Amino acid sequence: MSNILTFIELTADGAPRSSAAALLQRASQLGTPVAVIAIGPAHRDAAVTALGALGVEQVAVLASESADGAVGSAQTDAVAAAVDAFSPTVVLLPHSAEGRDVAGRVAARLGAGIVVDAIDLRADGDSVHVTTSAFGGAFTVDSVVEGGLAVITMRQAAAGEAAAAVQATVTELGSQQSTPAAVVEARTGGAAASGRPDLRSASVVVSGGRGVGSKENFALVEQLADVLRGAVGASRVAVDSGYAAQALQVGQTGRTVSPDLYIALGISGAIQHRAGMQTAKTIVAINTDADAPIFDIADFGVVGDLFSVVPQLIPAIEARTR
Amino acid sequence: MKIVVLIKEVPDTWGERRLDPGTRRVDRAGSDGVLDEIGERAVEAALAYKDGAADTEVVVVSMGPSSTSILRRALAMGATSAVHIVDDRLVGADLGWTAAALAGAIERTGFDLVIAGGESTDGRGGVIPAMVAEHLGVPLATGLSTLQISPDGIRGERTADEETLTISAALPAVVSITERMPDARFPSFKGTMGAKKKPLEVLSTADLGPKAAQVIDTAARSIVVEVVERPARVAGPKIVDDGTAVAQLVDFLSSKQLV
Ligand SMILES: Cc1cc2nc3c(=O)[nH]c(=O)nc-3n(C[C@H](O)[C@H](O)[C@H](O)COP(=O)(O)OP(=O)(O)OC[C@H]3O[C@@H](n4cnc5c(N)ncnc54)[C@H](O)[C@@H]3O)c2cc1C
Ligand SMILES: Nc1ncnc2c1ncn2[C@@H]1O[C@H](COP(=O)(O)O)[C@@H](O)[C@H]1O
């Protein structure tokens with residue numbers, strides 16, 4: 001496998017988003033990654049430098065004023081133009097809001113085959129085998145693309161060790177025949193930077209459910225996450241009740257997570273919640289109800305009151321890690 | 001205004017959902033098919049607009065081998081008419097075929113606005129709306145948690161990965177919504193009775209136009225080569241907190257090198 005086009009999501013000022021590093025590492029396992037970006041001309045150089053710092057040797061750039069004003073349009077054009085320029089067999093994108101829009105548009109425009117939310121990739125001669133999981137991890141599915149270009153979105157994952165920084169070579173991409181796009185009227189700043197790892201790629205996730213009882217009490221979930229250097233998650237009921245932000249919902253209609261450790265606090269373990277977390281390596285549940293279904297999949301279950309267990313657990317873990 | 005709503009039948013998430021390792025497809029016998037919850041919300045979004053603009057036509061479109069019961073349900077909720085794409089040639093359709101077929105049916109029906117769910121609960125791909133928009137050559141606004149429809153455009157909020165955007169588009173356009181959108185109404189008895197008399201058109205691939213045919217005949221496609229069922233998780237120890245639970249839990253975590 002030669003060139004692997006890798007679509008990199010950028011912030012408006014040209015910084016690669018958190019999905020970039022792991023995606024580039026995936027690409028380099030299959031071939032030579034070519035990072036594809038669309039960026040306003042003012043931030044072009046910053047973006048190229050930032051990608052070089054991630055170890056990317058080749059960057060294909062579409063510099064366009066509309067890169068952050070028209071939703072997904074310049075990005076789609078950039079990937080389509082890069083396919084022309086590099087004739088890759090595979091295009092990788094993050095399975096994020098933007099990555100999915102671009103993947104869908106590119107695949108439809110170019111008549112490519114598309115596989116989404118991949119958890120693993122494997123080269124086999126000229127084709128690539130893509131592993132996805134279905135029904136919350138109950139099934140593992142192996143697919144290949146036949147008859148042309150493969151467009152693949154990857155589930156976000158933790159990045160491995162960083163590659164050495166390089167000076168990237170730049171290919172300028174020409175503009176394309178765009179499809180009309182929606183326009184951005186306003187942006188309200190990102191989710192307040194919590195300093196915690198990203199939920200989708202964290203190796204530890206501590207989640208709270210209805211049993212946590214209130215937004216104020218949710219601080220307990222956050223404190224436990226912090227001593228474990230983990231991310232915070234929530235059940236749908238906790239989100240709907242306003243205890244936690246929507247971006248933290250884990251489950252069938254929220255995020256899918258596969259951390260090394262998942263701790264469920266006051267979560268019953270409804271089938272739709274389990275669909276988002278049951279591929280975690282180790283699951284711990286704390287729940288007052290001994291019959292809660294979460295215990296059926298927990299590697300360690302504590303039948304008890306989270307308000308008594310967690311305040312003792314936090315210092316006990318702190319004592320270990322100190 | 002003509003609004004097309006894309007709805008999909010999915011296995012009920014409250015039941016056991018299975019893939020059949022033999023056919024490598026969803027085991028439809030293994031679980032009841034229902035109208036996807038997000039699809040109900042998409043229908044609701046269209047009907048909410050129709051409530052205030054009576055000359056609005058709401059057409060529900062679905063592709064899939066199964067019964068027409070989900071289309072009848074949407075008609076009972078208040079949709080005007082339904083289109084069902086069903087053809088043996090489409091058995092085992094991948095995302096590419098599905099999007100091309102839906103786009104073909106939408107073009108044939110005519111539209112000002114297409115409303116889809118953000119992600120279906122079985123496929124969870126969340127790329128069909130983008131693919132359909134590209135085939136139709138119109139603006140795309142996905143993942144909307146609010147949606148205002150007016151005669152010439154749409155506007156809504158989209159919580160992308162790290163920020164919330166307010167976005168807008170002129171019509172015609174394709175949008176997809178999230179479960180933050182309002183809950184769907186229940187069909188009334190009168191609605192259910194009336195639904196039986198509403199038009200329901202059945203289309204095969206031959207009706208979908210040359211673009212869809214071209215995709216089905218020539219585009220690259222993804223093929224499932226293997227489906228493996230993962231072994232069910234086995235529960236570990238479950239202890240009742242008698243004051244020593246924290247110590248036992250910390251020992252467990254440290255035995256797994258997690259603390
Ligand atoms: C189509 C669809 C999609 C859905 N998608 C999702 C999804 O993505 N994510 C999701 O999470 N849900 C989802 N749901 C909702 C899901 O069915 C459940 O309603 C939800 O997961 C329940 O949340 P919970 O466990 O916090 O609340 P509950 O089920 O009410 O459980 C609360 C638990 O807290 C325990 N508890 C109470 N007090 C304490 C205490 N002091 N200490 C310890 N334990 C205590 C109780 O014993 C109970 O088990 C979906 C539902 C549908 C129909
Ligand atoms: N077979 C189908 N028939 C009708 N609509 C569909 C179909 N597949 C996907 N959709 C629409 O696309 C949305 C997203 O689905 P998906 O891309 O499968 O996650 C769904 O909520 C539907 O609105």
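All figures in this text were calculated on a predicted structure; none of them were measured in a lab. Within every chain, numbering begins at 1; the chains are lettered A, B, ... in the order of the sequence lines, protein sequences first and strands thereafter.
- A/Asp260 has its side chain out of reach of B/Gln257: every pair of non-hydrogen atoms, C-beta onward, lies at least 4.5 Å apart.
- If you tally non-hydrogen atom pairs under 4.5 Å between each of A/Ala134, A/Gly304, A/Gly111 and chain B, the highest count goes to A/Gly111.
- The minimum heavy-atom distance linking B/Gly137 with A/Pro180 is given by the pair O-CD, 3.5 Å.
- Without hydrogens or angle criteria, A/Thr188 side chain to B/Thr164 main chain gives a donor-acceptor distance under 3.5 Å.
- Looking at A/Ser308, the atoms closer than 4.5 Å to chain B (heavy atoms on both sides) all sit in the side chain, from C-beta outward.
- Residues A/Glu185 and B/Ser168 bring a donor and an acceptor atom of their side chains to less than 3.5 Å of each other.
- Comparing B/Gln248, B/Arg24, B/Arg180, B/Arg158 by heavy-atom pairs within less than 4.5 Å of chain A, the highest count is held by B/Arg180.
- Residue B/Glu157 does not touch chain A at all, counting heavy-atom pairs closer than 4.5 Å.
- Looking at B/Leu136, neither its backbone nor its side chain comes within 4.5 Å of chain A, counting heavy atoms on both sides.
- A/Val284 touches chain B through its side chain: at least one heavy atom from C-beta onward sits under 4.5 Å away, while N, CA, C and O do not.
- Proximity to chain B is limited to the side chain of A/Thr256, based on heavy atoms less than 4.5 angstrom apart.
- Scanning residues 223-235 of chain B against chain A with a 4.5 Å heavy-atom cutoff picks out B/Ile223, B/Val224, B/Val225, B/Glu226, B/Val227, B/Val228, B/Glu229, B/Arg230, B/Arg233, B/Val234, B/Ala235, ordered by number.
- For the set B/Pro21, B/Gly126, B/Ala169, B/Ala100, the entry with the most heavy-atom pairs within less than 4.5 Å of chain A is B/Gly126.
- Neither the backbone nor the side chain of A/Glu318 comes within contact range of chain B; no heavy atom of the residue lies under 4.5 Å from a heavy atom of that chain.
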Report task. Start with the C-alpha distance between A/Phe139 and B/Arg17, add both sets of side-chain angles, then the distance that settles side-chain contact (heavy atoms from CB on, under 4.5 Å), and finish with yes or no. Result -> CA-CA 10 Å; A/Phe139 293 83; B/Arg17 299 181 300 165; over 6 Å; no

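- Note: A/Asp299 leads A/Val302, A/Asp299, A/Leu110, A/Val106 in heavy-atom pairs under 4.5 Å with chain B.
- Pairing each heavy atom of B/Leu258 with each of A/Leu228, the nearest pair is O-CD2, 4.3 Å.
- When A/Asp101, A/Val71, A/Leu313, A/Thr282 are compared by the number of non-hydrogen pairs under 4.5 Å with chain B, A/Asp101 comes out ahead.
- Residue A/Ile271 touches chain B through its side chain alone, counting heavy-atom pairs closer than 4.5 Å.
- Residues A/Asp291 and B/Lys238 are not paired through a salt bridge, judged by the lack of any N-O separation under 4.0 Å between the basic side chain and the carboxylate.
- With respect to chain A, the highest number of heavy-atom pairs below 4.5 Å among B/Thr142, B/Val250, B/Ile239 belongs to B/Ile239.
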Requested in this report: Step by step, work out the side-chain contact (heavy atoms from CB on, under 4.5 Å) result for B/Glu119 and A/Arg100.
Outcome: CA-CA 11 Å; B/Glu119 311 183 330; A/Arg100 291 192 303 196; 2.6 Å; yes

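- Each of A/Gly113, A/Gly72, A/Ala275, A/Ala107 has some count of heavy-atom pairs under 4.5 Å with chain B, and the biggest count is that of A/Gly113.
- Interface remark: A/Ile297 contributes backbone and side-chain atoms alike to the contact with chain B (heavy atom separation under 4.5 Å).
- When heavy atoms are compared at a cutoff of 4.5 Å, A/Arg229 does not approach chain B at all.
- Here A/Thr253 is the residue among A/Val309, A/Thr253, A/Val115, A/Asp117 with the most heavy-atom pairs under 4.5 Å with chain B.
- Using a 4.5 Å cut-off between heavy atoms, B/Arg155 contacts chain A through its side chain alone, with no backbone atom that close.
- Neither the backbone nor the side chain of B/Val215 comes within less than 4.5 Å of any heavy atom in chain A.
- The two residues B/Pro139 and A/Ala181 come nearest to each other via the heavy atoms CB-C, 3.6 Å.
- Nearest approach of A/Ala108 to B/His135, heavy atoms of both residues: CB-NE2, 3.7 Å.
- Looking only at heavy-atom pairs under 4.5 Å with chain B, the residue among A/Ser143, A/Gly136, A/Gly148 that has the most is A/Ser143.
- Contacts between B/Ala173 and chain A at a heavy-atom distance below 4.5 Å are absent for every atom of the residue.
- Heavy-atom pairs under 4.5 Å with chain A were tallied for B/Gly125, B/Gly96, B/Ala219, B/Ala245; the largest tally goes to B/Gly125.
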Requested in this report: List the steps and the verdict of side-chain hydrogen bond (donor to acceptor under 3.5 Å, both in side chains) for B/Glu37 and A/Gln272.
Outcome: CA-CA 12 Å; B/Glu37 188 204 53; A/Gln272 297 91 351; over 6 Å; no

